[in-house]
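Worksheet: one structure, shown below.
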Amino acid sequence: MAKSALLKSSLAKKYWMALTGLFLCLFLAGHLAGNLQLIFSDASAFNKYALFMTSNPAVKLLSYLTYISILFHAVDGFLLTYQNVKARPIGYAKNNPSKNSSFSSRNMAVLGTLILVFIVTHMVNFWAVMHFDEKMPLQTITVDQMGQKADYYITTDNGKFFPTDSIQLKQMGLEIRNRTEFYNTQAGVKMGEGYKDLHKITVAFFKDAKTGLIATILYVLAMFVLAFHLLHGFQSAFQSLGLNNPKYTPVIKGFGAAFAIIVPLLFATIPVYIHFFLK
């Protein structure tokens, strides 16, 4: 990537950094809207959202674009930082960075690196588990039948329920294939598909008796880092694209500051709510 025509000049690197950064801001807003269901909705709604995000072709295409943008944004940022350091190997004799620039602008590379580490660990703990863990649970519901409670798997067609008891499931001539699909063993016909219970995985992660509090604190700290990164990055993206105007620049700065505070704050609220308040 470093030798591509797209990244040869510093100006081109800044354009791509701005465009990928703004695209990732859109991703953050959409991702936040979905994750807030952990607070304002129930397990079924969140798991339906998770299924939609991993099965809809258009969303999957956007997901791949997001992964590429994250990698491109990270590599572009490292290259720009390296170029800046290389262009100025010896610092000025008199330098007062706190007066000449903000904390965020001086530490964008460090902040970006910390965010990249967070993204990788976040995907390992949730995305990878949902896609590859053979022990990923399916969503269930408890039904009270004449005073006796029994657990059933919920299927995506909202009309079929299958018992979680393996013996009962076998007696019905059913088995689970491909982690989520219920098949008639004799006919080989798919009878339904269950929801991966990402809600259960997420809640268990942040409420774990040993590591839940630490995970919550680290998540909140990561959102502080994201906030500082966005404080400079959002405004800087428009500046890099040459979209400066005396009339609109103050609006962009104000919106950028609000975005940099509100979005990370709402993200941070989710694990705090789960750990301390969710029953």
Side-chain angles (χ1 to χ4, degrees), residues 30-64 66-67 121-212 215-216 270-271 273-279:
H31 192 49
L32 174 62
N35 283 7
L36 283 175
Q37 294 185 73
L38 287 162
I39 296 178
F40 298 108
S41 193
D42 57 13
S44 293
F46 183 73
N47 289 332
K48 287 179 181 178
Y49 153 75
L51 177 62
F52 174 78
M53 294 297 290
T54 55
S55 60
N56 183 276
V59 175
K60 289 177 72 173
L61 179 62
L62 285 175
S63 296
Y64 295 135
T66 300
Y67 304 147
T121 56
H122 188 69
M123 293 187 72
V124 168
N125 290 321
F126 299 103
W127 182 87
V129 171
M130 183 174 184
H131 284 80
F132 305 113
D133 192 344
E134 294 295 330
K135 297 181 180 179
M136 178 73 192
L138 296 180
Q139 185 182 345
T140 62
I141 186 173
T142 301
V143 178
D144 192 337
Q145 297 175 323
M146 301 179 65
Q148 292 186 341
K149 294 183 178 180
D151 293 330
Y152 291 88
Y153 291 115
I154 301 175
T155 58
T156 56
D157 61 8
N158 295 320
K160 296 178 181 177
F161 297 89
F162 299 115
T164 60
D165 184 83
S166 58
I167 297 177
Q168 292 184 29
L169 199 64
K170 189 175 182 179
Q171 289 174 345
M172 294 175 63
L174 298 173
E175 67 177 3
I176 300 176
R177 299 179 185 177
N178 304 318
R179 296 194 299 158
T180 61
E181 299 172 341
F182 296 91
Y183 270 82
N184 183 296
T185 53
Q186 292 184 346
V189 178
K190 182 178 176 180
M191 305 299 293
E193 184 169 355
Y195 286 103
K196 293 179 181 179
D197 201 346
L198 186 60
H199 184 277
K200 183 177 182 179
I201 291 294
T202 305
V203 171
F205 182 81
F206 289 113
K207 290 189 77 69
D208 185 270
K210 294 182 179 179
T211 62
T216 300
I270 296 171
Y273 170 80
I274 291 174
H275 183 81
F276 292 104
F277 304 106
L278 187 64
K279 302 299 182 180

The side chain to side chain donor-acceptor pair (under 3.5 Å) partners of Asn56 (sequence neighbours excluded) come to none
Shortest non-hydrogen pair, Gln37 vs Phe46, comes out as OE1-N, 4.0 Å
Answer whether the closest heavy-atom distance between the side chains of Leu51 and Lys196 falls below 4.5 Å.
no
| request: Run the numbers on Ile141 and Phe161 for side chain to side chain contact (heavy atoms under 4.5 Å, CB included), then give the verdict. | output: CA-CA 9 Å; Ile141 186 173; Phe161 297 89; 4.0 Å; yes
Donor-acceptor under 3.5 Å (Lys207 side chain, Ile274 main chain):
yes
Check: Thr155 and Asp157: side-chain donor and acceptor closer than 3.5 Å?
Finding: yes
Item to check | Full working for side chain to side chain contact (heavy atoms under 4.5 Å, CB included) between Leu169 and Glu175 | outcome: CA-CA 7 Å; Leu169 199 64; Glu175 67 177 3; 5.9 Å; no
- prompt: So, the side chain of Asn178 versus the backbone of Glu181: is there a donor-acceptor pair under 3.5 Å, distance only?
  reply: no
Side chain to side chain contact (heavy atoms under 4.5 Å, CB included) between Lys200 and Thr140, intermediate numbers included:
CA-CA 10 Å; Lys200 183 177 182 179; Thr140 62; over 6 Å; no
- Query: Between Phe132 and Trp127, what is the ring plane arrangement, given parallel below 30°, perpendicular above 60°, and tilted in between?
  - Reply: perpendicular
When every non-hydrogen atom of Arg179 is compared with those of Met130, the smallest separation belongs to NH2-O, 3.4 Å
Value for OG1 (Thr66) from NZ (Lys60), rounded to nearest 0.5 Å, stands at 14.0 Å
Between the CG atom in Leu174 and the OG atom in Ser166, the distance rounded to the nearest 0.5 Å is 12.5 Å
For the pair Asn184 (side chain) and Gln186 (backbone), establish whether a donor and an acceptor sit closer than 3.5 Å, ignoring hydrogens and angles. yes
Nearest heavy-atom contact between Leu38 and His199 is CD2-CD2, 3.6 Å
Between Phe182 and Lys160, is there a side-chain heavy-atom distance shorter than 4.5 Å?
no
Exercise for the section: Quick one: do Leu198 and Met136 satisfy side chain to side chain contact (heavy atoms under 4.5 Å, CB included)? Show the steps, please. Expected result: CA-CA 8 Å; Leu198 186 60; Met136 178 73 192; 4.3 Å; yes
So CD1 of Ile176 and CG of Leu138: to nearest 0.5 Å the spacing works out to 5.5 Å
Tyr67 and Met123 have their tightest heavy-atom pair at CE2-CE, 4.0 Å
Worksheet item: Do the side chains of Thr142 and Asp151 get nearer than 4.5 Å, heavy atoms only?
Response: yes
Contacts of Phe205 meeting side chain to side chain contact (heavy atoms under 4.5 Å, CB included) (sequence neighbours excluded), chain-then-number -> Asn125, Phe126, Ala215
In terms of heavy-atom contacts, Thr164 and Tyr153 come closest through CA-CE1, 3.5 Å
Note: Gly194 and Thr156 closest approach over all heavy atoms is O-CG2, 4.2 Å
When rounded to the nearest 0.5 Å, the distance separating CG of Asn47 from CG of Asp42 is 9.0 Å
Interatomic distance, CE@Met53 vs CG@Leu62, rounded to 0.5 Å, equals 8.0 Å
Next item on the list: Determine whether more than 12 heavy atoms belonging to other residues, nucleotides or ligands lie under 6.0 Å from atom NZ of Lys170.
Entry: no
Rounding to 0.5 Å, atoms OG1 (Thr202) and CG (Asn35) come to a distance of 7.5 Å
